[in-house]
Amino acid sequence: MNSKLKILLVDDEQEFVVTLAERLELRGYQVHIAEDGETALACFEPQAFDLVVLDLMMPGIGGLEVLPRLKEIQPDIPVILFTGHGSTREGMEGMRLGAFDYLMKPLHIEELIRKIREAVPSRTS
Amino acid sequence: MVLRRLWHKAVNTMLTFPEDSTSPQRYVTLKRNIILIMSLVCIVPLALMAGINYSLYRVNLESEIHRPIQVMAEDTRHAFELFIEERLSTVRFIAGAYTYEELRDDHTLQRVLRTMRSEFVGFVDLGLINKEGSLVSYAGPYDLLGKDYSQQPSFQEVSVRGVYISDVFMGYRKFPHVVIVVQRMAEDGRTWFVRATIDTGRYEALIASMSLHPESDAFLVNPQGIFQTNSRFYGKILEQCPFPVPPGIHGTHTIRTRTPEGREVLVAFAPVRSDYTLVIVKPLSVLLRNFYTLKVEMLVIFAVGVVAILLAVVGVADVLVQRIRNADERRATAIQELQHTQKLSSIGRLAAGVAHEINNPLAIINEKAGLMKDLVDLAEPFDRQDRFLTLTENILQSVERCKAITHRLLGFARRIEVQFEELDINAVLQDTLGFLEREATYRQIDMQLHLDPALPPLVSDKGQLQQVFLNLLTNAFAAVENGGCIRMRTQFDPRKKMVLASIEDNGCGMNSEVQKHIFDPFFSTKKGSGTGLGLSITYGIVKKLGGSIQVRSEEGRGSTFTISLPLRGEAMEPQNTDTPQNKETP
């Protein structure tokens, strides 16, 4: 019954990440939380997740460093980026590194869902 | 003491160039002081030189004018003395050459007179006076025979001195005459006198031979100051001369005096024997005529010089003060620009800090409220469920508004970091347009692209440029009605080596008052929905990229924003981004 889409949610703001995870779970996704870049890389392995939602601004290893390393592990993994400070450039930079798209915090849950569906069309429930 | 203080104050006022005041009065004062000082420095030495020249020349000239009149007086005196001496010798000769008896004879006397008159001009008659003073023999036009001279002063004088020359007197025919009497003492002790009358018309001839200037005068006076010849201006013969003859002079003597009419004259006195004084009167105006001409010429040159100096001084001061004024104005504008940029940059930094701090909690509020909404949505129907839903919805809407603000604020601060790369501005514009295509289609806005395909490659920051275009396009979208038109144009200005990109809309436009403030942070015309940061950010970015932004707008007709970017952008510090040329983009 592994039809649920598995999402790795990486963000250092605990209150934010927990709440968002709950909301996604309410919408039928299986969400795994990592609160920093190191944890995310540690738990990430090929085919373990269908999608990664990654915050760009984190203490330690930032999103723009985590992203290429995720891609190294699984080149076709779709990654949706969060940018915390309204910058299109970091988002663009992320896109250049192979991210699927980027969203700005605070975000619309509907928009995130839409991006997720666009990123993983085959698994859309 | 008071005077000294006043003088100090005047000098200080004149020499102080006010620095503090910014009023136009300052430039008026400055100009006045420059003109005053420069004029003084130029004109005072000129006036001094002219004055010294004038007085020196005058002193020289005065000594110069004395000499000719003295020479002339001397010459004429000699002529007079010679004339009188000649007549005297003639009479003496006759007195000596003829005996009393011979002269007693009328025929002889007539002959002698005829001879004298043919040889010497001026003799009128000839007479013989015996020692008793009675005229015993006479040749001439008058009937003087038998006249007794013994009681006359002339007779007394000739008895003592041997010679007598009378003052001029009017003879019987109303001609001025002079009488010469010579005493003769024979070897036998007898004494007699020879008397001759001379017509003084010769005196006039001698004076006429001086060929005097029409305004000058010359005449003879006796020691009592009675005219012995006619004067042109000062009286007839035998009248009193208005110039007192200095007594006891030897040689020629000149004085400066005034005529009875008050005219300044130079008068030369030359004693002729001891009997007369020759007086020459020359008006100073005649003597100094050359000097007056020179004076007038000097005055004219001086005046022309002063006028020229004043014109030059005023012209120079004008240019100078105008330059200073322009420089001051440029400086003031530059300072204003600088202050504006610094204001922008500090607001930017502050805004970024605040926004960054707020954005994270905002994201949490957003998620929490979202989760609340989710939970309420999924829950069994309960009391006031709709109310909960509306409330959470309100929270989410407020978060949305906050988000718009924080994103703008962050964008405002982002111009601090710039990354230059070679890019094609057409491509950047088209990329940015991609973000807005859906809205354009939806609102049926006519997007016209006039892109110059031959633009040279530009070194600039792609992300920042996207932000600029996005901001300008968002504004254009907000300005136009549905179905409006937005025209985008790129071109290259080879003269300034700038790439120009313009975004033109046919929307609502702006009045000039709004145009003045559009680049100010937090100035917005979109009531409620705008943060007032879009154009401020845009302005900051364009400046940061080394370019400039111009706006042309007409209320009701639309606006055109044009950005000019250098081919090679260089990161500039905010302090250096201010140049007066950018004045139109405050």
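Everything quoted here is computed from the prediction, not taken from an experiment. Proteins come first, then strands; the chains are lettered A, B, ... in the order of their sequence lines, and each starts at number 1.
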**Fill in**
Here the gap from A/Ile109 atom CD1 to B/Leu396 atom CG, rounded to the nearest 0.5 Å, amounts to 10.5 Å
**Request:** Enumerate by number any residue of residues 369-379 of chain B whose heavy atoms lie under 4.5 Å from heavy atoms of chain A; in the absence of such residues, state 'none'.
**Result:** B/Gly370, B/Leu371, B/Asp374, B/Leu375, B/Leu378
**Prompt:** Is there a side-chain contact between A/Lys105 and B/Asn360, using heavy atoms and a 4.5 Å cut-off?
**Reply:** yes
**Prompt:** Can you name the closest pair of heavy atoms from A/Leu107 and B/Lys403 and give their distance?
**Reply:** CA-NZ, 4.4 Å
**Request:** Answer yes or no: are there more than 12 heavy-atom neighbours, outside B/Phe477 itself, under 6.0 Å from its atom CZ?
**Result:** yes
**Request:** Give a yes or no on whether B/Phe382 atom CZ has more than 12 heavy-atom contacts from other residues, nucleotides or ligands under 6.0 Å away.
**Result:** yes
**Request:** Give me the contact list for residues 11-23 of chain A versus chain B, heavy atoms only, anything under 4.5 Å, ordered by residue number.
**Result:** A/Glu13, A/Glu15, A/Phe16, A/Thr19, A/Leu20, A/Glu22, A/Arg23
**Pairs of heavy atoms under 4.5 Å with chain A: top-ranked of B/Lys368, B/Glu367, B/Glu400** = B/Glu367
